[in-house]
Protein chains: 2
Amino acid sequence: MRDFSQSLPMSLLRAREAVMRQFRPSLREHGLTEQQWRILRALAAIEAAEVTELARTAFLLGPSLSRILRDLEARNLIERKTAKTDQRRSMVSISKEGVKLMASVAPSSEAIYAEITQRFGARKLAELQEMLGELEQSLAGPGAGDGAGAEE
Amino acid sequence: MRDFSQSLPMSLLRAREAVMRQFRPSLREHGLTEQQWRILRALAAIEAAEVTELARTAFLLGPSLSRILRDLEARNLIERKTAKTDQRRSMVSISKEGVKLMASVAPSSEAIYAEITQRFGARKLAELQEMLGELEQSLAGPGAGDGAGAEE
DNA sequence: CGCATCAACTTAACATGTTAAGTATTTTCG
DNA sequence: CGAAAATACTTAACATGTTAAGTTGATGCG
């Protein structure tokens, strides 16, 4: 079997970790985890979103999002109100405090991203992202199960 | 600020998730998590390894590895014995049962990997891995902290 | 209308990620 | 030699990943 350290999953894992290692210290100084930061960024770009929509945007599973939203709400970084037309849905939005926190983190975050871009090269970065998108596309859909197991 | 769904961390996260989604069902059928599978694969390639070395190979943090090794040992998939020359170190190796389990998972795992390679294209896959390696390299070393915070 | 079904979350339970602290053993050096 | 520092793990504590089950509010339909 192929040396697993050369496998695609490991390559992706190591690359992502190398990138996130750059951001984590800064986020940590502001009391945010990577996932919390993703949610705030997603919310900052829109007025309000339903939980399910937010999960899709921030690429988090429902249960994780539920917990994080509970915590962010307790910290007054986001606000919730149930939708008028459907009591099941809740509309989530970023609070004033949330906006303020984002403003305090954004400069450092931008600087780190710029540093990464500069180190790796802007053109290569664009190429890489293009390929990652294609990979994602090529694996979307029916799934590459091996057929040996129960498809259910 | 850049639409965060287009950011490098998100691209890497989505790509990796797209890949792992292919493998998880098969691993799950065999009662293994992704991390447990990584450890078994790493161990299968060598006679025995120290915990620290294994952590580096399987790309796991010490605490995660400690827990997982405890569980794998309880399931008799691995074996441990403390090193003769240094009582602090323990040598970990895969057990017969572990080898058997690997043999039962490997075919499906290989098939899935082949399917991914075929869908995305072998040449592109090689290119992608090359770029991921370069990204990792370019971010190794001093760290791209923004300098605004405490370097400690 | 009323019941079965579906939809949107939320909770629960267990595994891992992440940082800090603890433990046991070795090494370094005065 | 023996105390201090370093090394190799392990535990602890809290956050998230992942799947299954539970809750509550909508919807479809006879």
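Order of the sequence lines sets the chain letters (A, B, ...), proteins ahead of strands, with each chain counted from 1.
To the nearest angstrom, P of dT16(C) lies 10 Å from CG of L32(B). Between the CG atom of L61(A) and the C1' atom of dA13(C) there is a distance of 15 Å, given to the nearest Å. Put simply, CG on L13(B) is 14 Å from P on dT16(D), counting in whole angstrom units. Rounded to an integer number of Å, the gap from E50(A) CD to dA26(D) C1' is 13 Å. Counting to the nearest Å, the P atom of dG17(C) and the CZ atom of R67(B) are 7 Å from each other. For M20(A) and dA15(D), the CE to C1' distance is 14 Å, given to the nearest whole Å. For the pair E29(A) CD and dT19(C) C1', the computed distance is 15 Å after rounding to whole Å. The interatomic distance linking R56(A) (CZ) with dA7(C) (C1') rounds to 16 Å, in whole Å.
Using a 4.0 Å heavy-atom distance criterion, T52(A) is classed as a sugar-phosphate-only contact. Across all strands shown, R21(A) has no heavy atoms under 4.0 Å from either base or sugar-phosphate atoms. I68(B) comes within contact range of the sugar-phosphate backbone alone, with a heavy-atom separation under 4.0 Å but no base atom that close. Note on S64(A): a base of the nucleic acid sits closer than 4.0 angstrom, heavy atoms only. Within 4.0 Å of L60(A), counting heavy atoms only, lie sugar-phosphate atoms of the nucleic acid but no base atom.
Checking Q35(A) against R88(A), the closest nucleotide of DNA chain D that is more toward the 5' end is the one next to Q35(A). Comparing S90(A) and E17(A) by the nucleotide of DNA chain C that holds the closest heavy atom to each, the one mapping nearer the 5' end is S90(A). In terms of position along DNA chain C, the nucleotide closest to R70(A) lies nearer the 5' end than the nucleotide closest to the other residue of the pair R24(A) and R70(A).
Checking side-chain atoms of S90(B) against main-chain N and O of K81(B) turns up no donor-acceptor pair under 3.5 Å. Between the side chain of S7(B) and the backbone N or O of F4(B) there is at least one donor-acceptor pair closer than 3.5 Å. No side-chain donor-acceptor contact under 3.5 Å links R88(A) to the backbone of T82(A).
Proximity note for R89(A) (side chain, C-beta onward) versus dT18(C), dT19(D), dA8(C): the nearest is dA8(C). The S66(A) side chain lies nearest to dC9(C) when the options are dA12(C), dC9(C), dA15(D). The side chain of Q87(B) lies closest to dT25(C) when the candidates are dT25(C), dC9(C), dT19(D). With dT11(C), dA13(C), dA20(C) as the candidates, the nucleotide lying closest to the side chain of P63(A) is dT11(C).
Listed here is the closest heavy atom pair of S93(B) and E47(B): CB-O, 3.3 Å.
Between R28(A) and dA15(D) there is no side-chain N or O to OP1 or OP2 distance below 4.0 Å. Between T33(A) and dT16(D) there is a side-chain N or O to OP1 or OP2 distance below 4.0 Å. Between R38(B) and dT16(C), a side-chain N or O to OP1/OP2 separation shorter than 4.0 Å is absent.
Checked by atom type, the side-chain pair Q129(A)/S11(B) shows a donor-acceptor distance below 3.5 Å.
Salt bridge annotation for R21(A)-E136(B): absent, with no cationic side-chain nitrogen under 4.0 angstrom from a carboxylate oxygen.
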